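Please read the structure below before turning to the comments.
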Amino acid sequence: MRNFNEDNITQAVLSRLSGCKDDRTRAISEALVRHLHAFVKEIEPSEAEWARAIDFLTRTGQMCSDTRQEFILLSDTLGVSMLVDAINHRFAGRSTETTVLGPFYVEEAQDLPLGADISHDADGPPLLVRGTVRDQRGEPIAGALIETWHADDEGLYDVQCSTGRAALDMRARFRTDDNGRFWFRSIVPAAYPIPNDGPVGKMLDAQGRHPYRPAHVHFKLSAPGFETIVTHVFLDGDRYLDSDVVFGVKDALIERLGSVDDEPDTALLAYDFVLPDQHRQG
Ligand code: BEZ
Ligand code: FE
């Protein structure tokens, strides 16, 4: 077939995919072609605009390194990461809501004993974090792995600090006790802008958007027999709760800071997590 034009080229490309042996690859390729062609037909880009689009994607790739994933930031800021998250966490029953992992998760964080100070005496308002991990029936899960990480009181993660110190501050791994409880100390995190010195930052500027996330503490919770939950707890009252640049906020994940008996200077962040039963395979 020849003589492709606006009216027949979409169908021509789709026909070219008919030989694809893998059903999933064919379905994905077909949807990509259909939606991409519809997008181009809707916006009718000039050739200069299309060249700028290609240049934007090229720069996005060039910005990526072992420590910077600009494509994930692009997915986050266009709401795609939260859409994928929602599609993959349609848990029935009462289980903790999920949200984006973000780029500052570090697998090799330190295992610390319950009660440890994960800020390692960093400056900032003292914080006590405590809670429980339970199953959907309300039973405590003993020995659940809690991975936590958060920004400091200036909104910076340890891995962003120019000192290049090891990724050890404001992050740690804990195990719940026999009653499913956990607790640790840290400092109150601040709201922060996502890395915005690259193409995604320029895109946000062009779209008239700010780059901020409301203050939060990240949690990844896992235990044998349960689905792993990746989530945050957001601090109530933050000015960015309704305009999180990555669309990650859910009401059920917002918690007001409380107070700690006999420690007037320490804020309390209390949260009880519920892990869904593991999906049965096959
Ligand atoms: C974060 O919360 O760490 C984060 C999430 C998405 C993009 C950037 C940062
Ligand atoms: Fe974060």
Side-chain angles (χ1 to χ4, degrees), residues 60-61 63-89 96-109 118-119 122 124-125 127 129 146-161 167-173 184 186-205 207 209-221 228-255 257 269 271 273:
T60 300
M63 193 83 198
C64 293
S65 67
D66 288 349
T67 53
R68 177 76 177 256
Q69 231 306 347
E70 196 74 358
F71 273 112
I72 296 183
L73 277 187
L74 184 58
S75 159
D76 293 340
T77 51
L78 292 178
V80 179
S81 301
M82 279 307 291
L83 184 55
V84 173
D85 181 75
I87 288 167
N88 283 277
H89 297 99
T96 300
E97 302 230 29
T98 53
T99 191
V100 284
L101 180 70
F104 301 121
Y105 171 67
V106 172
E107 221 163 288
E108 307 80 23
I118 69 171
S119 79
L127 177 70
V129 182
I146 299 184
E147 295 170 85
T148 187
W149 66 104
H150 66 82
D152 64 16
D153 66 332
E154 291 178 10
L156 286 172
Y157 283 83
D158 53 357
V159 291
Q160 293 176 295
C161 288
L168 290 176
D169 292 341
M170 272 73 78
R171 72 175 70 242
R173 295 155 46 106
F184 60 89
S186 193
I187 54 172
V188 177
Y192 62 85
I194 62 165
N196 63 347
D197 56 345
V200 170
K202 287 209 172 62
M203 177 192 78
L204 294 174
D205 277 347
Q207 293 173 339
R209 295 167 61 187
H210 72 69
Y212 281 86
R213 300 218 63 211
H216 57 271
V217 178
H218 291 258
F219 291 92
K220 183 174 177 197
L221 307 147
T228 294
I229 289 279
V230 172
T231 194
H232 322 341
V233 178
F234 295 93
L235 307 192
D236 198 9
D238 192 288
R239 62 187 287 212
Y240 297 111
L241 284 172
D242 286 309
S243 63
D244 180 10
V245 67
V246 304
F247 307 93
V249 179
K250 297 176 178 177
D251 282 342
L253 299 176
I254 301 173
E255 202 55 57
L257 288 180
L269 181 63
Y271 201 86
F273 296 97

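Every number for a ligand or one of its atoms is a count from 1 in the order of the listing. Keep in mind it's a predicted model, so treat the numbers as computed, not measured.
For atom 1 (C) of ligand 1, the closest non-hydrogen atom on the protein side is Tyr192 OH, 2.7 Å. Counting only heavy atoms of the protein, atom 5 (C) of ligand 1 lies nearest to Gly102 CA, 3.4 Å. Protein heavy atom in closest approach to atom 9 (C) of ligand 1: Pro103 CD, 3.2 Å. Among all non-hydrogen protein atoms, the one lying nearest atom 7 (C) of ligand 1 is Asp76 OD2, 3.2 Å.
Between His210 and Tyr240, a ring centre-to-centre spacing shorter than 6.0 Å is recorded. The distance between the ring centers of His216 and Tyr192 falls below 6.0 angstrom.
The distance from the Fe ion (ligand 2) to the nearest N/O/S atom of His150 is not under 2.8 Å.
Less than 4.0 angstrom separates some heavy atom of Ile194 from each of these atoms of ligand 1: 7 (C), 8 (C), 9 (C). Residue His218 has at least one heavy-atom neighbour below 4.0 Å for each of these atoms of ligand 1: 1 (C), 2 (O), 3 (O). Each of the following atoms of ligand 1 lies closer than 4.0 Å to a heavy atom of Arg213: 1 (C), 2 (O), 4 (C), 5 (C). Close approach of ligand 1 to Phe104 is summarised as follows: ligand atoms under 4.0 Å from at least one heavy atom of the residue are 3 (O), 9 (C).
Exactly one residue among Ile187, Leu156, Asp158 makes a side chain to side chain contact (heavy atoms under 4.5 Å, CB included) with Met170. That residue is Ile187.
Between the side chain of Thr98 and the backbone N or O of Thr231 there is no donor-acceptor pair closer than 3.5 Å. The backbone N or O of Phe273 lies less than 3.5 Å from no partner atom in the side chain of Thr96, so there is not a single donor-acceptor pair.
Residue Asn88 places its CG atom among more than 12 non-hydrogen atoms of other residues, nucleotides or ligands, all under 6.0 Å distant. Within a 6.0 Å radius of CD in Gln207, other residues, nucleotides and ligands contribute more than 12 heavy atoms.
With a 4.0 Å heavy-atom cut-off, ligand 1 is reached by the side chain of Leu73 but not by its N, CA, C or O.
His216 has its closest N, O or S atom to the Fe ion (ligand 2) at the position named NE2. Minimum-distance N/O/S atom of His218 relative to the Fe ion (ligand 2): NE2.
In this structure, Arg213 does not pair ionically with Asp76, as no charged nitrogen and carboxylate oxygen lie closer than 4.0 Å.
Side-chain contact between Tyr212 and Val245 is absent, with no heavy atoms from C-beta onward closer than 4.5 Å.
Within the 4.0 Å heavy-atom cutoff, Tyr105 does not count among the residues contacting ligand 1.
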